[in-house]
Amino acid sequence: MRDRGPEIVVVGSANLDLVVSVRHHPAPGETVLGGDLQRIPGGKGANQATAASRLGRRTAFVGAVGADDAGHALQQSLTSAGVDTSHLVVAPDVPTGTALIAVADDGDNTIVVSPGANRTVDRDLIATAQPLISATPVLLLQLEIPGEAVTAAAEAATGMVVCNPAPAPPRPLPASLLEAVDVLVPNETELTALTRSDPTSSLDDLAAAAATLGMPAVVVTLGALGALLVTPDHQQRFPAPVIEPVDTTAAGDSFCAALADHLVEDPGDLPGAVEWAVRVGAATTLRRGAAPSLPTRDEVEHRLAGLRP
Ligand code: RIB
C-alpha cells in the first residue's frame with residue numbers, strides 16, 4: 001500500500017491571491033496606483049502541494065476552502081496539477097482564504113492573508129487524514145492554519161517532517177512541534193522571530209541563531225543569496241543562480257517542495273536537497289503569480305538555462 005500512497009503530504013492553507021503590480025510598495029498612509037487586479041490560486045500549503053506534484057511527486061493536500069467560487073477554483077487548480085484532494089474539505093459558512101498581494105517592479109512582494117476557511121483546519125481533520133499522514137515518507141507543514149493542527153499533523157507523522165514556519169509566528173513554537181520536526185525552513189524574518197535574534201545578522205550570526213533551536217537541521221532561505229544549511233555538525237551556504245526576478249511570490253513554497261522532493265529520494269542527503277531547492281526557488285521567481293509560476297522538473301533547468309551559475 002505504502003508505495004502507491006502519496007510520497008509527499010502537505011497539510012496547510014489554500015488562498016485565492018488578489019494580486020496587483022505596483023511601481024513601489026506604499027508606505028503607511030501612502031496611496032499608490034497599481035496594475036489590473038489578478039485572481040490567482042495560492043496559499044502556502046496549496047502552493048507547496050502544487051509544486052511537489054509538478055516536480056513529479058505523488059502528492060496529497062490536507063486543508064479547507066469555503067463553499068464559494070474561490071474554493072471551487074482552488075480545488076480545480078490542485079486537481080489539475082495532479083494533487084490528491086480527497087482530504088480538502090469544504091467548510092460551510094466561511095469564505096475561502098484570501099491573500100492581498102502587491103508585487104513591486106523589483107519582484108519583491110508584500111502579502112496580507114485573511115485566513116477564512118484555513119482557520120477551520122483542526123485536530124479532527126488531521127485525525128481523518130491520519131492514515132495518509134502516518135504513511136507518507138515526507139510531511140510538509142507551514143503556519144497559515146491553526147497551530148494545534150500543525151502540531152497534531154507533525155505528531156502523527158512517522159516519516160520526515162519538514163516545517164516552513166511561515167508566516168513568522170508571534171511567539172516561540174511549542175516544544176511538542178519542534179520535537180517532531182526534522183527540518184525547519186525559515187527565511188531570515190522567521191528565524192529572527194523564532195530566535196529573537198538581530199535581524200541585521202551576518203551569515204555566521206544567522207547560523208549561530210539557527211543552532212540555538214536545537215533542531216536536527218535548519219535551512220535558512222536567503223533570497224538572492226541562496227540558502228544556509230545548519231546541522232549540529234555542519235554549516236554550509238548554497239549560492240543562488242544570478243537572475244533578475246520578476247515576482248518572488250511562492251519562491252519559498254517551491255523551495256520547500258523541492259527540498260521534500262529530494263528527501264523522498266534520499267532522506268540522508270540534505271546538502272543535495274538544499275542545492276536543488278535553491279534552483280527550483282530561483283526558477284519560480286522568473287514567472288509571475290503563485291501557482292502559475294511553479295515549475296516542472298524540466299522547466300527548472302529550461303528557465304535557468306543561459307544564466308550565470
Ligand atoms: O507564499 C506565497 C503565498 O503566501 C501566497 O500564495 C499567499 O496566498 C500567501 O499564503
Side-chain angles (χ1 to χ4, degrees), residues 6-12 44-61 81 83 133 136-144 150 153-154 157 159-166 177-178 180-188 190-191 194 206-207 210 213 215-231 234-241 248-285 290 293-297 299-301 304:
E7 297 166 294
I8 297 174
V9 172
V10 181
V11 176
K44 295 185 193 302
N47 293 343
Q48 293 180 11
T50 301
S53 188
R54 292 228 175 112
L55 291 174
R57 291 293 165 197
R58 291 191 307 276
T59 305
F61 178 67
V83 176
I133 293 171
T136 190
V138 181
L139 173 69
L140 197 42
L141 303 165
Q142 339 69 39
L143 305 182
E144 282 185 335
V150 177
M160 286 190 88
V161 179
V162 178
C163 179
N164 172 214
L177 174 59
L178 289 178
V181 170
D182 298 287
V183 186
L184 194 72
V185 192
N187 64 18
E188 291 171 81
E190 291 144 10
L191 181 68
L194 286 171
L206 286 175
L213 291 167
M215 311 283 301
V218 179
V219 180
V220 188
T221 57
L222 303 169
L225 289 181
L228 182 65
L229 169 63
V230 182
T231 66
H234 186 73
Q235 173 184 326
Q236 185 177 356
R237 184 170 80 84
F238 295 78
T248 57
T249 307
D253 300 329
S254 67
F255 183 102
C256 293
L259 203 70
D261 165 48
H262 192 90
L263 293 174
V264 168
E265 202 67 45
D266 189 349
D269 182 23
L270 265 171
V274 179
E275 194 175 347
W276 171 232
V278 165
R279 292 184 73 73
V280 175
T284 302
T285 69
S293 70
L294 302 169
T296 63
R297 199 168 284 276
E299 284 169 346
V300 173
E301 302 312 330
L304 296 177

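In this structure, the side chains of Leu184 and Leu194 come closer than 4.5 Å at one or more pairs of heavy atoms. The side-chain heavy atoms of Leu140 and Asn164, taken from C-beta on, include no pair separated by under 4.5 Å. Counting heavy atoms from C-beta on, the side chains of Leu259 and Val274 come closer than 4.5 Å. Within the 4.5 Å cutoff, no side-chain heavy atoms of Phe255 are placed close to those of Val280.
Applying the side chain to side chain contact (heavy atoms under 4.5 Å, CB included) criterion to Gln236, with sequence neighbours excluded, gives His234, Phe238, Pro271. Glu275 is linked by a salt bridge (charged side-chain N to carboxylate O under 4.0 Å, His left out) to nothing, counting only residues two or more places apart in sequence or in another chain. With sequence neighbours left out, Thr59 forms a side chain to side chain donor-acceptor pair (under 3.5 Å) with no residue at all. Annotation: side chain to side chain donor-acceptor pair (under 3.5 Å) contacts of Thr249 (sequence neighbours excluded): Asn109, Asp247. Glu188 is linked by a salt bridge (charged side-chain N to carboxylate O under 4.0 Å, His left out) to nothing, counting only residues two or more places apart in sequence or in another chain. With sequence neighbours excluded, the residues that form a side chain to side chain contact (heavy atoms under 4.5 Å, CB included) with Ala257 are Ala51, Ala52. Residues meeting the salt bridge (charged side-chain N to carboxylate O under 4.0 Å, His left out) test with Arg54, sequence neighbours left out: none. Applying the side chain to side chain donor-acceptor pair (under 3.5 Å) test to Thr284 and every residue at least two apart in sequence or in another chain returns Ser254. Contacts of Thr285 classified as side chain to side chain contact (heavy atoms under 4.5 Å, CB included), with partners at least two apart in sequence or in another chain: Ile243, Pro245, Thr248, Ala251. Under the rule for a side chain to side chain donor-acceptor pair (under 3.5 Å), the partners of Asn187 that lie at least two apart in sequence or sit in another chain are Glu190. Among residues two or more places apart in sequence or in another chain, the side chain to side chain contact (heavy atoms under 4.5 Å, CB included) test is passed with Ala207 by Leu228, Val230, Gln235.
Heavy-atom minimum distance, Ser53 versus Ala81: OG-O, 2.6 Å. Scanning both residues, Leu304 and Arg279, for their nearest heavy atoms gives CD1-O, 3.6 Å. Leu143 and Pro165 get closest at one heavy-atom pair: CD1-CA, 3.4 Å. Across all non-hydrogen atoms, the minimal contact from Ala260 to Val138 is CB-CG1, 3.7 Å. Residues Pro241 and Val278 approach most closely at CD-CG1, 4.0 Å, considering heavy atoms. Here the shortest heavy-atom pairing between Gly45 and Phe61 reads C-CE1, 3.5 Å.
Considering CD of Gln48 and CG of Leu294, their distance stands at 10.0 Å, rounded to 0.5 Å. Note: Leu263 CG to Asp182 CG = 9.0 Å, rounded to the nearest 0.5 Å. Taking SG from Cys256 and CD1 from Ile8, the interatomic distance works out to 11.0 Å, rounded to the nearest 0.5 Å.
Using a distance-only test at 3.5 Å, with no hydrogens or angles considered, no donor-acceptor pair links the side chain of Thr296 to the main chain of Leu55.
Sequence neighbours left out, the pairs with a member in residues 257-270 that pass salt bridge (Lys or Arg N to Asp or Glu O under 4.0 Å) are Arg57-Asp261, Arg57-Glu265, Asp261-Arg297.
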Could you walk me through whether Leu213 and Leu191 pass the side chain to side chain contact (heavy atoms under 4.5 Å, CB included) check?
-> CA-CA 10 Å; Leu213 291 167; Leu191 181 68; 4.0 Å; yes

